[in-house]
Colleague: 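One structure coming up, written as structure tokens, with questions to follow.
Since this is a predicted model, take the numbers as computed values, not measurements.
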Amino acid sequence: MYRSVTRSEISDALAHIRDLYRQIKPADEQESRTYERREVGIKDLLSNLPRTKEHPTLTAVDEVADMARLTTEGAHRLFGYNLAKIREYDLQLNGGRTHIVESYPFERDRLIDLPLEFASEEIFGFSGMLGDMVTRWQTGIPMRILEEAGWLRPGIFFVHIGTEDSLGSSLPPGSLALVEPIAEDEEFHPNPRAIYLLQFGNGYCCSRCVVSRGKLQLLSSERTYLGPQNFDYPGAVRIVGRARMFALKLPLPEYPSRYSLPLGGNCADLILPTEQLTRNVLFATEHMRFKRTKKEEQLVREAFHAVFGSSPSQRTERRYRSFTPSEPHVDSLIYFTVANFARYTDALRTGGSMITDTGRFSLETLLNARHWADVLATTPEVRLPLPVKAWEVYRTELVEWIPLLSYKFPELRLWSDRALRLANEYAIQGLDPAIAPGSWMFLEKSPAIPDVQSEQRKSGWSRPFYVLRRGLETICGYLERDGAGYALLSSAYGYGSKTTLARDELKDLWRVGCVLIPV
């Protein structure tokens, strides 16, 4: 997340960027003023740099971003911060609780693959590998193109399902869910078959629900009785949005100490982080919603002390949960963000920082350029994939996932023979929600001799399941011994369909390592 950067490194980088911009001849008076402001600003910064502290204030970082036309991530990286790593620390320290997570891809010039040509308009009517569907790719595309091309819908956000507080949840613990806003009418008449993100004064949960006579009732599929799950509505609970898809790495670890979100408690306002107007109220509200034990607070403090060499005092933490005219240093702001289950983009926005990368460049792009033409060449032309009908289907199913999917698999074309789309529902017993049409599976090679006996002791998403491609047929199921050979079963309980594997088919067996499932 952070590496100490010497003042000479920063000075050299700023001098290089200044020389790069000097190659641009101002075309009008406005550009001339911009040129002069940049010259004066960088000169002052270079003069004051030896006297500044190791960790700058956010104001200083914003000023550098404006002067040098750096992206938000680029300006932070100049001072040693890797904003993409915040997500890892958030899951490490906050993964036990269900909460809204960062979905903004800070690394705007990360190169990704996008489809250029699909096999046919009808290809999505059949189950098939990614390589069967996409025949040509556009490669080396900066991730920022996704936003600039208008491919992302507003209002979409992501939620991490807690590994501790999700007993009774309609989505698996540890999964990542895509949530979209809903109309006001649906808020008061939720579909009992749909899964909604619900906000409480002491946390979140993803669940099916019904509303009747001023009460919201959770519909749980857990076999364990969780007690009455009725809440005053509206008032004690808020329906935030509808979960449309979730991603899960497999096999799912077993979390034996899960609990159901307690009734009441904490009593934070039912307001989303994106609706907060000030940073101190953002931190105060989420601090109230996600109360930590003293031990948990100490773990967070120690984790960031190891990264930054220090951590804010408890008094400083309290000060930034109340109105204060002071501006936090970046290391403290990152700490406050993770400590309060917030997103860094919300911490920036509520503090008055602009989160826009339009017309800006990453630090690497500017430092690697020797001429201004080199910078301009980093924005390639992106064409609309053909046929358009196939692209619309692909876009509907995956485009909202592309930022996170591309971050995880930037060279997606290399997964052409390991990413499988399912056109039909696959009823593997024990999996809830079911594997619906339009699901995607990312496959990994099966062990030469699978440990079937050990796998049989697990259940649900914790039990590995496999895929066999037999011609045009796709077979999914649990693996079990069948005499001297193996078979794929659709049920872990001895009933359902059974497909016996020929002796030479074991080498063609794939284990499912990750799923994207619409709900």
Colleague: Given 3.5 Å as the limit, does a donor-acceptor pair link the side chain of Arg258 with the main chain of Ser166, or not?
Modeller: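 Yes, Arg258 side chain to Ser166 backbone: donor-acceptor pair under 3.5 Å.
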Colleague: Ignoring hydrogens and geometry beyond distance, is a side-chain donor-acceptor pair present between Thr52 and Arg7 at under 3.5 Å?
Modeller: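 Yes, Arg7 and Thr52 have a side-chain donor paired with an acceptor closer than 3.5 Å.
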Colleague: Hey, can you tell me if His55 and Tyr81 have their rings parallel, tilted or perpendicular (30° and 60° cut-offs)?
Modeller: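 Ring orientation, 0 to 90° scale: tilted.
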Colleague: More than 12 foreign heavy atoms under 6.0 Å from NZ of Lys445: is that the case here?
Modeller: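 Correct, the count exceeds 12.
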Colleague: Under the salt bridge (charged side-chain N to carboxylate O under 4.0 Å, His left out) definition, can you give me all pairs with a residue in residues 49-60, not counting sequence neighbours?
Modeller: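 The answer is none; no pair qualifies.
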Colleague: Go through it in stages, so that I can follow the logic: the residues are Tyr335 and Phe308, the test is ring pair (Phe, Tyr, Trp, His ring centres under 6.0 Å), and I'd like the CA-CA distance, side-chain angles, deciding distance and then a yes or no.
Modeller: CA-CA 10 Å; Tyr335 170 84; Phe308 297 127; 8.6 Å; no
Colleague: Any donor-acceptor pair under 3.5 Å linking the side chain of His189 with the backbone of Asp185?
Modeller: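 Side chain of His189 to backbone of Asp185: a pair is present.
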Colleague: Is the shortest distance from a Lys or Arg side-chain nitrogen in Arg77 or Glu107 to a carboxylate oxygen in the other one below 4.0 Å?
Modeller: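 Looking at Glu107 together with Arg77, the answer is yes, because their closest N to O distance falls below 4.0 Å.
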Colleague: In plain terms, say whether Glu9 and Arg3 are close enough for a salt bridge, that is, a side-chain N and a carboxylate O under 4.0 Å apart.
Modeller: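 Yes, this pair counts.
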Colleague: Please check if the distance between the ring centroids of Phe106 and His76 is under 6.0 Å.
Modeller: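 Ring centroids of Phe106 and His76 are no less than 6.0 Å from each other.
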Colleague: State, with a plain yes or no, whether a side-chain heavy atom of Arg289 is found less than 4.5 Å away from one of Phe341.
Modeller: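 No, too far: nothing below the 4.5 Å cut-off.
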Colleague: Using distance only, find each side-chain donor-acceptor pair of residues 241-251 under 3.5 Å and give its atom names and separation, not counting sequence neighbours.
Modeller:
unit_1	atom_1	unit_2	atom_2	d
Arg244	NH1	Glu180	OE2	2.5

